[in-house]
Structure formats: structure tokens, C-alpha cells
Amino acid sequence: MRYAILADIHSNLTAFEAVLSDIGERGGVEEIWCLGDVVGYGPDPVECIKLLRQYRHLCVAGNHDWAAMGKLDTSDFNPHAAAAAHWTARHLTPEAKGYLENLPLTLTVDDFTLAHGSPREPIWEYIISTYIAKANFSYFATRYCLVGHSHVPAVFEYKADSDSCLLHDLPPEAPLKLGDNRLIINPGGVGQPRDGDPRASYAIYDSTENVIYHYRVPYDIEETQRKMIRWGLPISLANRLSYGR
Ligand code: ZN
């Protein structure tokens, strides 16, 4: 079976569509595993939820999904993210709200735990260091954990013999063979990459080969930016898409 691992779509329909067509060209998948933040920042929250729901999928809640629902206070957001969250809240349909309302914090499927930020703090915590990653290995029972939130592709590996944690890159097109060691894997962000590469980022897990493939997909960034400007979303959020920061 093949599964697409998508994180941080962030209302970027153009990027999401490009990723879906890339998945199609690579032979498709049985199911999408979505790691939260379907909405927030971008111009097409309702359309992204609608499109995701057309596919067999699992999805956990992200901080921006919660913010759009009023489930968390945006005072911890930077002003532009907060403005986008309020804009998103105003544009959600009752159906879209109902979908976001029911997203779980974590899910377990096969050998994987799915969480937006981290298994320890699914909504808020960023796994951006081996120190934070190492602490999180005791918060999930499966061999592997998939997270988003930082929008930066990465693999954290727990070494039981030395009780240490290593950080690896997840280079595009280079397969990650899953072995005995426990891993926390971030596929990067679909709708707002932040590793300096503006192309959409996602992964495919092939359970037969026991391999994760990481892909980068170019999309029409200017189309998303035009929509954001038309809706009056903060210009800095539109600009950052050009740089992948
Ligand atoms: Zn995000």
C-alpha cells in the first residue's frame, strides 16, 4: 500500500493541487495522511478542505485549524498569522467548520503516530532540535512518528544503544529505508515551505518496500499570491512563499 504524507497545506489550493497531480503521476496512493494545518495563512481554506475530503484520508488538527475555529487564542501568533486566522474564521462555511471541529489531536495507523507539532504537545510544540525530538520518543508507542508544524523536512533518529538522537536530512528523491530504529519524520510543508526551497514538499510511504520517498513540486506561486492580495491577506505572508521562508 502507498500513502501520501502531507503537512501544512495552509489554504494553498494551487500548491495542494500540484501535489495531488504529482501523486497521480507517480501512480497514486491508497490514502492521504494529513498532519494538520489544512487552513491558515492562505487564500482558499474551504476549497482545500473540500478537496482533501474527496480523498480517502486521515487528518489531525493543527494550531491554525484550531485558531480558525476559535479553539485557541491567537495572542501567541505573530500579528500577520493572527490576521490570517481571523480572516479564515470569517470565510469558513458551517460544513468546513464541522470538519475542523472534529479533527483528533493524534492518530495511530500501522507503525505510525500522526501529530501536527509533536506527540507530546500536538498543537504547539515544534520539533526543531535533537534535544526536543529525543524527549518526544517516550510520548508515542509506535515505531515511527510523523509530524509537521515546522514546515521543514527532517528525520530524527533515536539510537537506543547510546540513548541519543540524530538529525538527518530528507533529500528529495532519495528513499528513506525504514529500519529498526525509531524515527520522527517531517515531510516539510505543502502550502508554505520554510526550508529555503519554495516548492511544495511532501512524502509517500510505500508499506511494501518499507520506504519513504520525499518529493518537491513546483507550483504557480504567483497565482496563490494574487489571490492573497485580492483578499487583503498580509502582504508579508504572500511574499514569503517566493522564498520558502
Ligand atoms: Zn503550519
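For ligands, and for the atoms within them, numbers begin at 1 and follow the listed sequence.
Looking at K159 and D161, no side-chain N of the basic residue comes within less than 4.0 Å of a carboxylate O on the acidic one, giving no salt bridge.
In D37, the N, O or S atom that comes nearest to the Zn ion (ligand 1) is OD2. Shortest distance from the Zn ion (ligand 1) to D8 is reached at OD1 (N/O/S atoms only).
If you put the vertex on the Zn ion (ligand 1), NE2 of H151 and NE2 of H10 sit 100° apart, to the nearest 10°.
Partner of I204 under the side chain to side chain contact (heavy atoms under 4.5 Å, CB included) criterion, out of D22, V29, L6, I5: V29 alone.
Classification of the H64-H10 ring pair by plane angle, with boundaries at 30° and 60°, yields perpendicular.
In this structure, T108 and L114 have side chains that are not in contact, with every pair of non-hydrogen atoms separated by 4.5 Å or more.
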